[in-house]
Amino acid sequence: MQEVMAKATQSKARRPKVVLTRRWPQAVEAKLAERYDLVINTSDIPFDVAAMRSALQQADAVCPTVTDFIPADLFDEDLTCRLLANFGVGYNHIPVKAAQQRGLVVTNTPDVLTDCTADLTLMLLLMVARRAGEGERELRAGHWSGWRPTHLMGTQVSGKTLGIVGMGRIGQAVARRAALGFGMKIRYHNRQPLDVSSLEQMTRQGAQIQYFAQLDEMLPGCDFLSLHCPATPETQHLMNAARLALLPPQAYLVNTARGDVVDDAALIAALEAKALRGAGLDVYQGEPKVDARLHGRNDVVLLPHLGSATIETRTAMGMRVAANLEAFFSGLEPPDLLLGG
Ligand code: DGY
């Protein structure tokens with residue numbers, strides 16, 4: 001009996017073991033270390049399957065990122081882990097259903113990266129349309145011979161039509177910036193049209209916003225297309241050769257969502273055929289590998305998945321994970337609980 005009591009007291013006093021699969025902003029690591037038995041992957045190299053298995057079999061909570069691929073069959077083994085607290089809003093790298101079926105709780109970090117990702121989307125859109133990457137490379141290489149009327153003429157952004165695929169938080173934040181900052185006309189495709197009230201603030205300020213139930217009907221009228229839908233089996237290669245062909249040849253594609261939403265081979269073929277004017281990409285199929293054919297192209301701007309990469313946002317994402325851990329280990333429902341995967 002004494003032994004049982006001792007064990008109970010020990011487990012009450014025991015600090016939950018939490019594994020971070022990558023380095024996180026210092027302020028968040030410090031905060032988590034105060035409360036948990038914190039194990040940090042200080043190598044900052046993505047876990048392989050063996051390391052992930054070992055984390056799931058030793059920790060109370062594992063905090064993965066987009067760079068962690070967790071095979072569903074790991075959940076068939078004996079696990080100590082009860083919570084997967086993802087550092088990020090997108091969770092297509094986690095087999096959520098398999099985890100939930102084994103009784104694990106899964107959380108993510110919505111809201112806190114909306115503005116940051118929307119800012120970067122506009123940056124990519126402007127960069128590709130105004131040939132900013134190309135110009136910077138030219139200048140740095142010492143090849144700029146001076147101003148001339150026909151030098152690096154890009155495409156005007158203000159007043160053009162922007163198509164948005166996925167009108168969630170980030171899609172709406174992009175629409176707001178584009179419509180109110182650049183006078184762009186917005187078309188969007190979403191599973192459902194948004195409530196009039198969600199768009200009222202924008203429309204009251206003069207934004208023109210049109211819903212398309214059919215993506216294929218929206219594409220021919222877009223000067224720019226920006227992707228903001230999650231990666232799911234339904235959106236895998238949503239922008240395939242046939243859909244890319246529906247965009248006008250002067251259109252630009254911007255992807256800050258997930259690489260899987262675009263068929264990269266079809267995109268490259270469309271650019272090569274001049275059936276598309278350019279692309280601004282932050283995410284890639286199979287990243288960090290990027291199709292080598294993109295490297296040499298001047299009609300693309302290529303960023304290394306920087307959508308949420310500001311110190312403010314990455315810290316806020318970490319703090320949001322901390323809030324999910326705190327609620328979970330206090331026996332409460334985490335604020336960002338993912339339901340039925
Ligand atoms: C997100 O939160 O989904 C970002 O793309 C990083 O994973």
Side-chain angles (χ1 to χ4, degrees), residues 19-25 28-29 40-41 44-47 52 61-70 83-96 99 106-125 164-174 226-236 238-239 253-262 264 279-290 301-325 334-339 341:
V19 172
L20 308 190
T21 66
R22 304 301 299 264
R23 293 312 306 248
W24 287 16
V28 192
E29 289 187 358
I40 301 174
N41 171 16
D44 210 13
I45 295 167
F47 273 2
M52 184 58 75
V62 174
C63 305
T65 73
V66 66
T67 57
D68 291 304
F69 293 94
I70 311 178
L83 170 65
L84 287 174
N86 186 49
F87 181 98
V89 66
Y91 49 84
N92 56 307
H93 51 288
I94 300 176
V96 175
V106 188
T107 60
N108 70 339
T109 62
D111 298 322
V112 287
L113 43 68
T114 301
D115 284 333
C116 193
T117 308
D119 290 352
L120 185 116
T121 302
L122 267 291
M123 183 179 97
L124 265 179
L125 189 153
I164 294 179
V165 179
M167 198 65 153
R169 298 177 192 86
I170 299 173
Q172 289 177 52
V174 168
S226 190
L227 306 177
H228 300 286
C229 53
T232 63
E234 295 74 45
T235 62
Q236 164 91 14
L238 184 76
M239 291 311 295
L253 175 76
V254 176
N255 189 8
T256 56
R258 283 289 183 266
D260 285 348
V261 180
V262 177
D264 281 349
L281 305 174
D282 189 41
V283 287
Y284 310 84
Q285 273 179 272
E287 61 182 59
K289 284 200 198 108
V290 175
V301 175
L302 307 175
L303 296 181
H305 203 146
L306 295 180
S308 60
T310 65
I311 181 66
E312 294 88 346
T313 297
R314 291 282 164 85
T315 303
M317 289 163 73
M319 293 302 178
R320 192 94 182 199
V321 175
N324 285 313
L325 291 166
D336 304 314
L337 176 71
L338 295 178
L339 299 168

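Whatever order the structure lists them in is the order used to number ligands and atoms, beginning at 1. FYI, the numbering just counts along the sequence from 1.
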Checklist entry - Can an N or O of Phe87 be found at a distance shorter than 3.5 Å from an N or O of ligand 1? => result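 In fact, backbone or side chain, Phe87 has no N or O that close.
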Item to check | For His305, atoms of ligand 1 separated by under 4.0 Å from a heavy atom | outcome: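 In order of number, 4 (C), 5 (O), 6 (C).
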Checklist entry - How far is atom 2 (O) of ligand 1 from its nearest protein heavy atom, and which residue and atom is that? => result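 Protein heavy atom with the smallest distance to atom 2 (O) of ligand 1: Val89 N, 2.6 Å.
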Item to check | Enumerated ligand 1 atoms positioned under 4.0 Å from heavy atoms of Gly90 | outcome: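 Answer for ligand 1: 1 (C), 2 (O), 3 (O).
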Next on the checklist: If the condition is side chain to side chain donor-acceptor pair (under 3.5 Å), which residues does Asn92 pass it with, not counting sequence neighbours?
Outcome noted: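 Asn92 satisfies side chain to side chain donor-acceptor pair (under 3.5 Å) with Arg258 once adjacent residues are dropped.
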Next on the checklist: Pair Arg320, Thr107 - check side-chain contact (heavy atoms from CB on, under 4.5 Å), show working.
Outcome noted: CA-CA 10 Å; Arg320 192 94 182 199; Thr107 60; over 6 Å; no
Next on the checklist: For atom 7 (O) of ligand 1, tell me which residue out of Thr313, Thr65, Thr117, Val66 has the closest non-hydrogen atom.
Outcome noted: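 Going through Thr313, Thr65, Thr117, Val66 one by one, Val66 has the nearest heavy atom to atom 7 (O) of ligand 1.
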Next on the checklist: Within a 6.0 Å radius of atom OH on Tyr91, are there more than 12 heavy atoms belonging to other residues, nucleotides or ligands?
Outcome noted: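 Atom OH in Tyr91 is not crowded, with 12 or fewer foreign heavy atoms closer than 6.0 Å.
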Checklist entry - Would you call the rings of His93 and Phe69 parallel, tilted or perpendicular, where under 30° means parallel and over 60° means perpendicular? => result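 Aromatic pair His93/Phe69 classed perpendicular.
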Checklist entry - Of all residues at least two apart in sequence or in a different chain, which pass the salt bridge (Lys or Arg N to Asp or Glu O under 4.0 Å) check with Asp264? => result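 Salt bridge (Lys or Arg N to Asp or Glu O under 4.0 Å) list for Asp264, sorted by chain: empty.
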Checklist entry - Given that the side chain starts at C-beta and the backbone is N, CA, C, O, which of these parts of Leu113 lies under 4.0 Å from ligand 1, counting heavy atoms, or is it both or neither? => result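 For Leu113, the contact with ligand 1 is made by the side chain alone.
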